[in-house]
Amino acid sequence: MAFLTATAILFLWGLDANGWANPYYSAAAQAGSQDWKAFFFGSFEWGNLITVDKTPLSLWVMSLSVRLFGLSSWSILVPQALMGVATSYLIYKIVRRGFGPRTALFGAAVYATTPVVVLLSRFNNPEPLMGLLMVAAVLVTLKAMDSGRLRTFALAGLLLGLAFMAKQVQALLVLPALCLAVLALSKGRVSQRIAQLLMAGGALLITGATWLVIVDLIPASQRPYIGGSVNNSSIELTMDYNGLARFVEIPMNAQGNRASTTENDAVQLVGGLPRLLNGNFAQEIAWLLVTGIGCSFVLIVLNRTLKLTRRQRDVTVIATLWFTTVLLVLCFMGTMIHTYYTFSLGAPLAVVVAVTFSSMWKLRHRLILRIIGAVLLGSSAYMALKVMEYADQWPLWVQVSVASAGICVAMLWCIPSSSPRYRLCTGVVLAISLLIGPVGTDLFTLGTPQKGTNPQSGPLGKDPNSISRLMLAIREGEIPWAQQTALGAPPSRAATEILRSETGSQRWAAATYAAQNAALYQLELGRPVIPLGGWLGSDPAPTLEQFKALVEGGHVGYFIWQQDLLDRGGLSDETVEISEWVRNNFRELVVDGVYLYDLQG
């Protein structure tokens with residue numbers, strides 16, 4: 001209970017400093033709280049013209065919170081933090097199966113302090129819900145492998161299907177590990193194991209595909225356009241934009257526009273393990289990444305030597321395969337990658353590290369295991385110092401503490417003593433050595449407001465070409481088009497007052513692009529705003545004819561012109577045509593530097 005309380009404090013402390021976090025999702029949560037149709041489809045606005053580019057399960061949770069407690073930063077972000085706390089508890093439950101409460105507590109602590117986990121547990125991206133459901137599916141699968149009950153396998157499939165509904169393909173990275181573990185280790189004959197997989201797979205397919213199929217079966221005229229898709233299809237969105245496009249290097253999307261976003265430009269040529277160890281990704285996950293890789297080798301190569309029980313074997317097999325799968329995907333996936341995708345490594349990394357050190361500790365009378373443990377602990381300290389070199393803000397005393405703790409724990413590990421005092425001392429120093437870097441990073445994260453499309457952990461990188469430097473320049477408005485795409489330009493107070501006072505009868509207060517600009521206006525006004533072209537303004541919706549019909553019907557109040565985005569390019573032909581039609585047919589009004597067009601004037 002004390003650990004969960006501390007985790008809750010970590011995830012909730014000063015949470016409202018993040019404001020709307022990612023305005024794109026906050027606006028969609030606002031829409032879902034206003035209209036049940038918008039809730040079901042995951043619409044960006046409650047005029048139901050276009051959806052966000054993800055399945056809506058995560059939005060459903062935030063929308064219900066907003067319905068209950070009103071629209072605020074707290075009502076949107078608190079559910080995310082509580083999901084992070086619940087996931088930490090489930091990590092504890094997984095590791096405790098065979099490894100005892102102390103090892104379980106250490107594994108949960110590794111997870112709860114992993115910088116990217118802390119970052120996203122305080123943010124409104126879909127990852128916290130996806131992570132909670134994935135870890136729950138792993139725990140239920142372990143229980144099902146013990147009992148052999150088909151209904152328990154069905155529950156595991158259902159949970160993984162719901163995880164898919166939160167973040168689509170990313171949620172399935174645990175699937176190879178679960179399938180191989182069930183097929184090789186589950187209770188019963190081979191034929192029974194195949195039946196178990198089929199039961200779980202059927203539940204996964206039904207749960208994950210039901211919403212997609214229902215949406216695609218509804219006539220396009222009776223539902224919003226599926227944001228992020230080319231053909232207005234939720235299945236196509238899943239297979240392409242949220243599927244294949246994430247795994248291959250595709251510089252152009254199907255409409256001829258760039259598929260990557262601003263911050264990806266800094267990392268798109270980096271691949272392999274160096275991607276996760278460079279200055280852009282390292283602060284999120286690299287503190288124990290090399291240690292996790294070494295631990296995986298230990299679990300694989302010394303499997304017999306470690307003399308694991310059946311329950312311990314089940315946990316280690318799933319964790320090792322899960323960790324390896326996610327690691328390979330993140331290292332070699334395409335250019336549509338964000339640094340926070342490393343969130344998927346948090347859970348398997350925590351389990352692998354905890355169970356490996358626990359297993360070696362029990363056999364520390366063997367010299368080879370003492371040497372291996374000392375090498376892993378020493379490399380952890382070395383890696384922490386290397387990660388700190390990416391920023392100038394780490395105090396010298398912290399670096400000295402990391403080095404000292406690493407040396408001390410490596411030496412303590414090599415002593416073959418069984419004294420209770422020695423065991424306690426070694427355990428405390430080990431925890432300090434492995435967690436001091438991540439916890440320090442978390443403190444930097446808590447002290448920095450996190451907003452926009454690519455939140456980042458830790459201090460500002462010293463490399464002028466790093467993503468953190470790029471995002472700083474974007475936040476300060478040095479790249480106007482990028483600020484509008486990644487964060488949204490802060491709405492003008494004078495323009496907002498005009499929109500609020502003169503658009504009371506229209507269905508949409510305004511229309512603009514890209515989605516982050518529309519989101520900030522919608523959240524400020526409390527009125528729907530059309531994000532022309534969806535997320536990046538590159539979707540073919542609405543068409544010029546559709547927009548003309550809306551304007552002629554008196555449904556749209558104003559058009560907000562965004563010259564920087566037009567100059568940048570990458571907008572869909574439909575969005576450009578609408579802009580030109582508005583400029584040629586309506587009076588321009590400049591208010592506080594914002595170009596407005598009164599569509600009802």
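Treat the numbers as computed from the prediction; the structure is a model and nothing was measured.
Ring geometry for His338 versus Tyr340: interplanar angle under 30°, hence parallel rather than tilted (30 to 60°). Aromatic ring pairs are classed by plane angle as parallel below 30°, tilted from 30° to 60° and perpendicular above 60°; the pair Trp287 and Trp394 is perpendicular. In this pair, Phe39 and Trp60 present their aromatic rings parallel. The plane angle is below 30°, not in the 30 to 60° band.
Contact record, Pro438 with Thr113: CB-O, 3.4 Å, taken as the closest heavy-atom pair.
Asp539 CG to Asn232 CG: the interatomic distance, rounded to the nearest 0.5 Å, is 9.5 Å.
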After noting the C-alpha distance and the side-chain angles of Asp598 and Leu589, does the key distance pass the side chain to side chain contact (heavy atoms under 4.5 Å, CB included) rule? CA-CA 8 Å; Asp598 184 356; Leu589 175 65; over 6 Å; no
Report the C-alpha separation of Glu588 and Tyr597 in whole Å, then their side-chain angles, then the decisive distance to 0.1 Å, and conclude whether the side-chain hydrogen bond (donor to acceptor under 3.5 Å, both in side chains) test is met. CA-CA 5 Å; Glu588 181 181 270; Tyr597 291 83; 2.6 Å; yes
Criterion side chain to side chain contact (heavy atoms under 4.5 Å, CB included) on Leu119 and Gln450, from CA distance to verdict: CA-CA 8 Å; Leu119 176 73; Gln450 302 293 331; 3.7 Å; yes
Which atom pairs, donor and acceptor, lie under 3.5 Å between side-chain atoms of residues 524-532 and protein residues at least two apart or in another chain?
{"unit_1": "Arg527", "atom_1": "NH1", "unit_2": "Thr503", "atom_2": "O", "d": "2.4"}
{"unit_1": "Arg527", "atom_1": "NH1", "unit_2": "Thr503", "atom_2": "OG1", "d": "3.2"}
{"unit_1": "Arg527", "atom_1": "NH2", "unit_2": "Thr503", "atom_2": "O", "d": "2.8"}
{"unit_1": "Arg527", "atom_1": "NH2", "unit_2": "Gln506", "atom_2": "O", "d": "2.4"}

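Looking at Leu349 and Tyr111, their side chains never come closer than 4.5 Å, going by heavy atoms from C-beta outward. Residues Val594 and Ile560 are in side-chain contact: their nearest non-hydrogen atoms beyond the backbone lie under 4.5 Å apart. Residues Val551 and Phe559 have side chains not in contact (no heavy-atom distance under 4.5 Å, counting atoms from C-beta outward). Contact check for Trp20 versus Leu71: side-chain heavy atoms found under the 4.5 Å cut-off.
Between Ser43 and the choices Asn48, Thr51, Asp35, the side-chain hydrogen bond (donor to acceptor under 3.5 Å, both in side chains) rule is met once, by Asn48.
Every side-chain contact (heavy atoms from CB on, under 4.5 Å) that Leu82 has, sequence neighbours left out, goes to Val78. Every residue meeting the salt bridge (Lys or Arg N to Asp or Glu O under 4.0 Å) condition with Lys386, not counting sequence neighbours, appears here in chain and number order: Glu389. With sequence neighbours excluded, the residues that form a side-chain contact (heavy atoms from CB on, under 4.5 Å) with Asn585 are Trp581. For Lys167, the salt bridge (Lys or Arg N to Asp or Glu O under 4.0 Å) partners two or more places apart in sequence, or in a different chain, are Glu127. Residues satisfying the salt bridge (Lys or Arg N to Asp or Glu O under 4.0 Å) criterion with Glu478, sequence neighbours excluded, are absent altogether.
For Glu580 and Arg583, the salt-bridge test fails: no basic side-chain N is under 4.0 Å from an acidic carboxylate O.
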